[in-house]
J.: 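Below is the structure I would like to discuss, written out as structure tokens.
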Amino acid sequence: MKPGNLSDTAEFLLLGLSGDPELQPLLFCLFLSIYVVTVLGNLLIILASIYNSHLHTPMYFFLSNLSFTDICFTTTTIPKMLVNIQTQSESTSYTGFLTQICFVLTFAGLKNGILVMMAYDRFVTICHPLRYNVIMNPKLCGLVLISFFVSVLDALLHTLMALRLSFCTELKIPHFFCELAHILQLACSDILINNILMYLVTSLLGVIPLSGIIFSYTRIISSVLKIPSAGGKDKAYSICGSHLIVVSLFYRTGFGVYFSSAAIHSSRKSAVVSVMYTVVTPMMNPFICSLRNKAMMGALRKLISRISSFH
């Protein structure tokens, strides 16, 4: 296959999760349902946090931002997949390909930053409860904006580096959305710099924040073990349990995709893994974060009652 420049590269082919035509209607209905549940569930979390004054705390500020990020993260992948299934088209322009990569990296990075802030919030809540209002002040909540700008810069850096690549004529991708790893595998030009940059940035923006989360929970566990009452321990576990589940789902699948071998990326196995952190995790977050949270459940009931009263 001959390499070509970007002007020769008209479109990429996203092959999706399955090439079986009989499965396409099932996949369409399944992912449409997941998308609707994801948007509605996370939107309820955001509205409940806004309209209930008791939830105007850093903990729920981070939770509502996580829900907003999950809505955006899912919106960058599922709608395009649904359109491709409905139109029976697998083609994606190079501009569209890079645009989707940029948005996926932006919201993945932002979610990563918010999860770290949520871990720190829980650390302060349990280990320094008397100093909580002093440490977790409104200025600290501005770190979400800083995390957003860092994520945007990271995404733009990878996207601009991808513009220097040349590609072969075979541009088929066994996936349902565009990921950076796939564009590197399709390139016929030297990708050494791109690979170094991808693994370096992933390590810095992934491993370091994860280390911070692990450190926070190490201190939290140490403090919880010193609590004499069983009720106090249960309350601490209820505060941290949902966040730990979300963190484990996101990081295990995310690192699994970016540090797996090239052989896995060349098949649909990586697409199945990616479904976990791009589709399943955002859908599960509202349930994970609210079912064991009495304050959020109460706020959701009031919100639903208020919405119902308008009809």
J.: Is the distance between the ring centroids of H128 and F123 under 6.0 Å?
T.: yes
J.: Between I213 and Y251, does the side-chain contact (heavy atoms from CB on, under 4.5 Å) criterion hold? Intermediate values first, please.
T.: CA-CA 11 Å; I213 293 175; Y251 280 101; 3.8 Å; yes
J.: Quick check against the 3.5 Å criterion: does S151 have a side-chain atom that pairs as donor or acceptor with the backbone of L110?
T.: yes
J.: Do any N or O atoms from the side chain of R219 and from the backbone of F215 form a donor-acceptor pair under 3.5 angstrom?
T.: no
J.: Nearest 0.5 angstrom please: D121 CG to T57 OG1, how far?
T.: 7.0 Å
J.: How far does NZ of K111 sit from OG1 of T69, to the nearest 0.5 angstrom?
T.: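 So the NZ of K111 and the OG1 of T69 are separated by 8.5 Å.
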J.: Side-chain contact test, heavy atoms from C-beta onward, threshold under 4.5 Å: evaluate it for K80 versus T92 and give yes or no.
T.: yes
J.: Look only at the side chain of H158 and the backbone of M198, and say whether a donor-acceptor pair between them is shorter than 3.5 Å.
T.: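 No, because the side chain of H158 does not come within donor-acceptor range (under 3.5 Å) of the backbone of M198.
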J.: With rounding to the nearest 0.5 angstrom, report the CG to OG1 distance, L153 to T106.
T.: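 Rounded to the nearest 0.5 Å, the CG-OG1 separation comes to 9.5 Å.
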J.: With a 3.5 Å distance limit and no angle check, can you tell me whether S49 reaches the backbone of I45 through a side-chain donor-acceptor pair?
T.: yes
J.: Tell me, do M59 and T125 make a side-chain contact under 4.5 Å, heavy atoms counted?
T.: no
J.: Is there a chain of hydrophobic side chains (I, L, V, M, F, W, Y, each step under 4.5 Å between heavy atoms) that links V275 to V36?
T.: yes
J.: How many angstroms lie between CZ in F176 and CD1 in I85, if you round to the nearest 0.5 Å?
T.: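 Rounded to the nearest 0.5 Å, the CZ-CD1 separation comes to 10.0 Å.
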J.: Minimum heavy-atom separation for I126 and V224, please, with both atom names.
T.: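 Scanning both residues completely, I find the closest heavy atoms to be CG2-CG2, 4.2 Å.
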J.: Can you tell if the side chain of L156 reaches within under 4.5 Å of the side chain of C102, non-hydrogen atoms only?
T.: yes
J.: If you compare all heavy atoms of A119 against all heavy atoms of I220, which two are closest, and at what distance to 0.1 Å?
T.: O-CD1, 4.4 Å
J.: Surrounding CG of L200 (heavy atoms of other residues, nucleotides or ligands, distance under 6.0 Å), is the total greater than 12?
T.: yes
J.: More than 12 foreign heavy atoms under 6.0 Å from CZ of F148: is that the case here?
T.: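 Check fails, neighbour count at 12 or below.
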J.: So, the side chain of N42 versus the backbone of T38: is there a donor-acceptor pair under 3.5 Å, distance only?
T.: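 Yes; at least one donor-acceptor contact below 3.5 Å.
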J.: Consider only side-chain heavy atoms of I, L, V, M, F, W and Y, link residues closer than 4.5 Å, and tell whether F97 and L163 are in one cluster.
T.: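 Both belong to a single hydrophobic cluster.
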J.: Out of curiosity, does L26 fall in the hydrophobic cluster containing Y35 (side-chain heavy atoms, cut-off under 4.5 Å, transitive links)?
T.: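 No, no single cluster joins them.
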J.: Can you tell me if N65 uses its side chain to pair, donor with acceptor, with the backbone of F61 under 3.5 Å?
T.: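 Present.
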J.: As an exercise, state the distance from OG of S147 to CE of M117, rounded to the nearest 0.5 Å.
T.: 4.0 Å
J.: Would you find more than 12 non-hydrogen atoms of other residues, nucleotides or ligands less than 6.0 Å from F103 atom CZ?
T.: no
J.: Do I50 and L55 come close enough that some side-chain heavy atom pair is under 4.5 Å?
T.: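 Answer no - side chains too far apart.
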J.: Applying a strict under-4.5 Å side-chain criterion to I, L, V, M, F, W and Y, I'd like to know whether I304 and M296 cluster together.
T.: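 No, it is not one cluster - the side chains of I304 and M296 are not joined through contacts under 4.5 Å.
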J.: Can any side-chain N or O of Q100 pair as donor or acceptor with the backbone N or O of T76 at less than 3.5 Å?
T.: yes
J.: If you take all heavy atoms of P282 and F73, which pair is closest and at what distance?
T.: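 Minimum heavy-atom contact is CG-CD2, 4.4 Å.
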J.: Please examine the side chains of Y120 and M136, heavy atoms only from C-beta on, and report whether any two atoms are closer than 4.5 Å.
T.: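 Of all side-chain heavy-atom pairs linking Y120 with M136, at least one is under 4.5 Å.
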J.: Please check if the distance between the ring centroids of H54 and Y60 is under 6.0 Å.
T.: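 Here the rings of Y60 and H54 have centres that are no less than 6.0 Å from each other.
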J.: Nearest 0.5 angstrom please: L43 CG to D70 CG, how far?
T.: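 These two atoms lie 12.5 Å from each other.
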J.: With the side chain counted from C-beta on, respond yes when S222 and Y217 share a heavy-atom pair under 4.5 Å apart, and no when they do not.
T.: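 No; the side chains remain at least 4.5 Å from each other.
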J.: State, yes or no, whether a side-chain contact exists between T99 and T159 at a heavy-atom distance under 4.5 Å.
T.: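 A side-chain contact under 4.5 Å is absent here.
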J.: Between I245 and I288, what is the shortest heavy-atom contact and its length?
T.: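 What the structure gives for the nearest pair is CG2-CD1, 3.7 Å.
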J.: Judged by atom type as modelled, is there a donor-acceptor pair below 3.5 Å linking the side chain of N195 to the main-chain atoms of L192?
T.: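 Answer holds: no.
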J.: Between the main-chain N or O of L184 and the side-chain N or O of N194, is there a donor-acceptor pair closer than 3.5 Å?
T.: no
J.: Do T74 and T278 come within less than 4.5 Å of each other through their side chains, counting heavy atoms only?
T.: no
J.: Do other residues, nucleotides or ligands put more than 12 heavy atoms under 6.0 Å from the CZ atom of F28?
T.: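 Enclosed.
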J.: Please test N52 against L303 for side-chain contact (heavy atoms from CB on, under 4.5 Å), starting from the C-alpha separation and ending with a verdict.
T.: CA-CA 8 Å; N52 194 307; L303 178 63; over 6 Å; no
J.: Would you say I114 ends up clustered with L204 if hydrophobic residues are merged whenever their side chains have heavy atoms under 4.5 Å apart, either directly or through other cluster members?
T.: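 The answer is no; the residues belong to distinct hydrophobic clusters.
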